[in-house]
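Since the structure comes first, as structure tokens, the remarks are kept for the end.
Naming convention: chains lettered A, B, ... in sequence-line order (proteins, then strands); numbering from 1 in each chain.
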Amino acid sequence: MLDARFVRENIDVVKDALARRGAAVDLSEFVAAEQERLHLLRESEDLRNRRNTVSEEIGRLKRAKENADHLMGEMKSVADRIREIDEVLKGIEEKQISFLLTIPNIPDASVPVGKDEHDNVEIRKWGEPRSFTFEPLNHWDIAAKHDIIDFDRGAKIAGARFAVMKGAGARLERALMNFMLDHNAASGYTEVFPPLLVNRDSMTGTGQLPKFEADLFKTANPEFYLIPTAEVPVTNLHRDEILSEEDLPLYYTAYTPCFRSEAGSYGKDVRGLIRQHQFNKVELVKFVKPEDSFAELESLTAVAEDILRQLGLPYRTIVLCSGDMGFSSAKTYDIEVWLPGQQKYREISSCSNFVDFQARRANIRFKRAGKKGTEFVHTLNGSGLAIGRTLVAILENGQQEDGSVVIPEKLQPYFGAEKIG
RNA sequence: GGAGAGGUGGCUGAGCGGUUGAAAGCGGCGGUCUCGAAAACCGUUGUAGUCGUAAGGCUACCGGGGGUUCGAAUCCCCCCCUCUCCGCCA
């Protein structure tokens, strides 16, 4: 969420920034409401001041056994007027907050301006896509050959876009989870295993709500939301907290299943493991001081990239253009892994700096030693990595002419074998 | 699921209708003392909004939301959370 005062004092900055995102937002109504709000706020506070003073006087009179009826009568009407104003004020504030909650973050100046994914800019590339002496298969064909992913039974027991991992497939899923967690922990991230169901406040804190309710799964009674990413519970770890300067930076890593209804994505990646309603992911989350956050984004992205290097999977890193970034992000790098089955780089990680956008929503602050007041922390996160897609990449990149799949060396101790088949 | 207890400042803990933004203690910060430190003593120590160039003023906040009242941390209603006991369960 953007700061109301910042918006009213920087209308043009906000307007320009949102235009770069392709979001044409009309701020005039907001600004008018803001003026009205400040006006009423002053009136209400003046009246309260009067009420406080006079009420004290009434107390004094009563203790002295003197009559205070005329003052009490006057204060009754003052109280009524305060109630009236506050009701209007409350209406304005609610409207403003729900408006601000739907305004996306301002892109950082270093983000390339662009309309959609075609305007993203590649900034790094690692590894060479392997040249095959045979026609490389899609992961679902490889999986079928070894009977390690059962899409049909996934559909039977749950529905479309659910899969059952089986035998070496299940084992590979587990091996990747442990490998990634160990890797991230060794990079200085504290491992956490959070709740997978969260309340509405948490979803609002990280920006999923109120705007993207349709993308989420939700329980009926009592009402909980299934997390679409560990970013939600882990970032909300410190919601409504004031951290001290020496606590920062905080680094967390978490494995969780992720649940996404992905409304509107139908027709895309209908086959295979790429787009599922439930998938596993290891996440990286940081809480940092504002002046460090862009350097912290670089180092976070480097940790995620290193996982792919350890696994020997070719990838490239792109910086998302202003029009393609997520709602809450100020700057995002996507890491894309090479998939021979598709002859394409596909997203396997998304690393973002949210600056103070989530921190303001979730009220996560810190206090500098020796300084008065508090500041919002900056939050960041990135996948490190999406497990299902990593598994896809291993199957497709490791496939051999005889149909077997070579497991990356660093993963073999976790997997317990050198190859599948 | 049933029964009970409770949620107050960084922490412990008083207050239960009128100088209470909140006693007291601990902690933190500054100072006196000391070669230095400890102890002791003195002072200070919440967050946010708003007005103001500033100094500072005002307003709000005692789990959250409503209500009663001239006035609420204190009274009433609803909700949330924590703890204890019983039941059930991995």
Side-chain angles (χ1 to χ4, degrees), chain A residues 1-10 30-100 193-205 209-210 218-225 233 236-248 250 257 356 359-377:
Chain A
M1 180 165 70
L2 301 179
D3 180 32
R5 188 161 49 184
F6 177 82
V7 174
R8 79 170 180 247
E9 286 167 3
N10 300 276
F30 172 83
V31 171
E34 185 67 357
Q35 266 160 12
E36 171 78 354
R37 183 179 76 84
L38 289 180
H39 175 77
L40 290 172
L41 185 65
R42 240 166 292 157
E43 190 180 347
S44 169
E45 287 190 351
D46 286 349
L47 288 172
R48 279 165 197 275
N49 179 232
R50 170 141 179 80
R51 181 176 68 179
N52 289 346
T53 319
V54 175
S55 290
E56 217 172 287
E57 175 64 17
I58 292 171
R60 244 191 307 273
L61 289 171
K62 290 219 155 187
R63 254 171 291 138
K65 306 271 191 241
E66 288 179 41
N67 187 291
D69 289 355
H70 63 294
L71 288 177
M72 282 166 62
E74 188 199 335
M75 283 311 102
K76 200 167 172 57
S77 62
V78 167
D80 286 344
R81 178 67 185 143
I82 291 174
R83 237 188 298 274
E84 247 174 66
I85 296 175
D86 284 355
E87 204 161 312
V88 178
L89 218 40
K90 203 175 142 195
I92 294 176
E93 276 165 6
E94 276 169 6
K95 249 174 101 177
Q96 279 188 311
I97 287 172
S98 50
F99 173 75
L100 285 175
F193 188 68
L196 309 180
L197 302 182
V198 301
N199 57 35
R200 204 179 159 84
D201 284 345
S202 293
M203 284 294 182
T204 307
L209 290 180
K218 172 185 186 178
T219 64
N221 191 26
E223 194 175 88
F224 287 113
Y225 290 89
N236 278 283
L237 230 37
H238 295 295
R239 172 153 52 85
D240 292 323
E241 288 185 18
I242 300 175
L243 305 164
S244 61
E245 187 174 11
E246 57 265 30
D247 292 336
L248 301 174
L250 285 167
D356 60 1
R360 184 173 296 107
R361 285 174 162 244
N363 194 28
I364 309 168
R365 294 171 289 168
F366 79 104
K367 205 176 178 59
R368 288 190 201 268
K371 268 191 94 178
K372 254 203 145 359
T374 60
E375 293 173 52
F376 290 113
V377 302

Exercise: identify the closest heavy-atom pair between A/L250 and A/H238:
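What the structure gives for the nearest pair is CD1-NE2, 3.5 Å.
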So does [Y] get a backbone contact from the side chain of [X], meaning a donor-acceptor N/O pair under 3.5 Å?
X      : Y      : result
A/D247 : A/S244 : yes
A/R361 : A/T204 : yes
A/S77  : A/E74  : yes
A/S44  : A/L40  : no

Looking only at atom [atom1], what distance separates [N] and [M], rounded to whole Å?
N      : M      : atom1 : answer
B/rA24 : B/rU44 : P     : 12 Å
B/rU84 : B/rC26 : C1'   : 28 Å
B/rG6  : B/rA90 : P     : 34 Å
B/rG9  : B/rU47 : C1'   : 10 Å
B/rC80 : B/rU68 : C1'   : 23 Å
B/rU34 : B/rA38 : P     : 15 Å
B/rG17 : B/rC11 : P     : 27 Å
B/rA39 : B/rC29 : P     : 12 Å

Map A/K367 and A/R5 onto RNA chain B by nearest heavy atom, then report which one ends up closer to the 5' terminus.
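The residue closer to the strand's 5' end, by nearest nucleotide, is A/K367.
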Closer to the 5' end of RNA chain B via nearest nucleotide, is it A/R365 or A/E34?
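The answer here is A/R365.
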Quick one: what's the B/S/- string for nucleotides 58-74 of chain B, heavy-atom cutoff under 4.0 Å, read 5' to 3'?
BBS-----S-S-BS---
If you write RNA chain B from 5' to 3' in dot-bracket form, with Watson-Crick or G-U pairs under 3.5 Å, [ ] for crossing pairs and | for pairs with another strand, what do you get?
((((((((.[[[..)..(.....]]]((((((.......))))))((((((....)))))).[[[[[..)....]]]]])))))))....
Looking across every strand, which nucleic acid part, if any, lies under 4.0 Å from A/R360 by heavy atom: base, sugar-phosphate, or nothing?
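Here A/R360 touches no strand at all.
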Under 4.0 Å, heavy atoms only, any strand: does A/R63 hit a base, just the sugar-phosphate, or nothing?
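Result for A/R63 = sugar-phosphate.
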Among A/K367, A/R365, A/R368, which residue meets the side-chain hydrogen bond (donor to acceptor under 3.5 Å, both in side chains) test with A/E375?
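Single pass found, and it is A/R368.
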Rounding to a whole Å, what distance do you find between [X]:[atom1] and [N]:[atom2]?
X     : N      : atom1 : atom2 : value
A/E93 : B/rU50 : CD    : P     : 10 Å
A/D3  : B/rU50 : CG    : C1'   : 14 Å
A/L40 : B/rG49 : CG    : C1'   : 15 Å

Between the side chains of A/N199 and A/S202, is a donor N or O closer than 3.5 angstrom to an acceptor N or O?
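The criterion, which ignores hydrogens and geometry beyond distance, is satisfied for A/S202 and A/N199.
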Assess whether atom NZ of A/K95 is packed by more than 12 heavy atoms of other residues, nucleotides or ligands within 6.0 Å.
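It does not: A/K95 NZ has 12 such atoms or fewer within range.
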Do the side chains of A/N49 and A/E45 get nearer than 4.5 Å, heavy atoms only?
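A/E45 does not reach A/N49 side chain to side chain.
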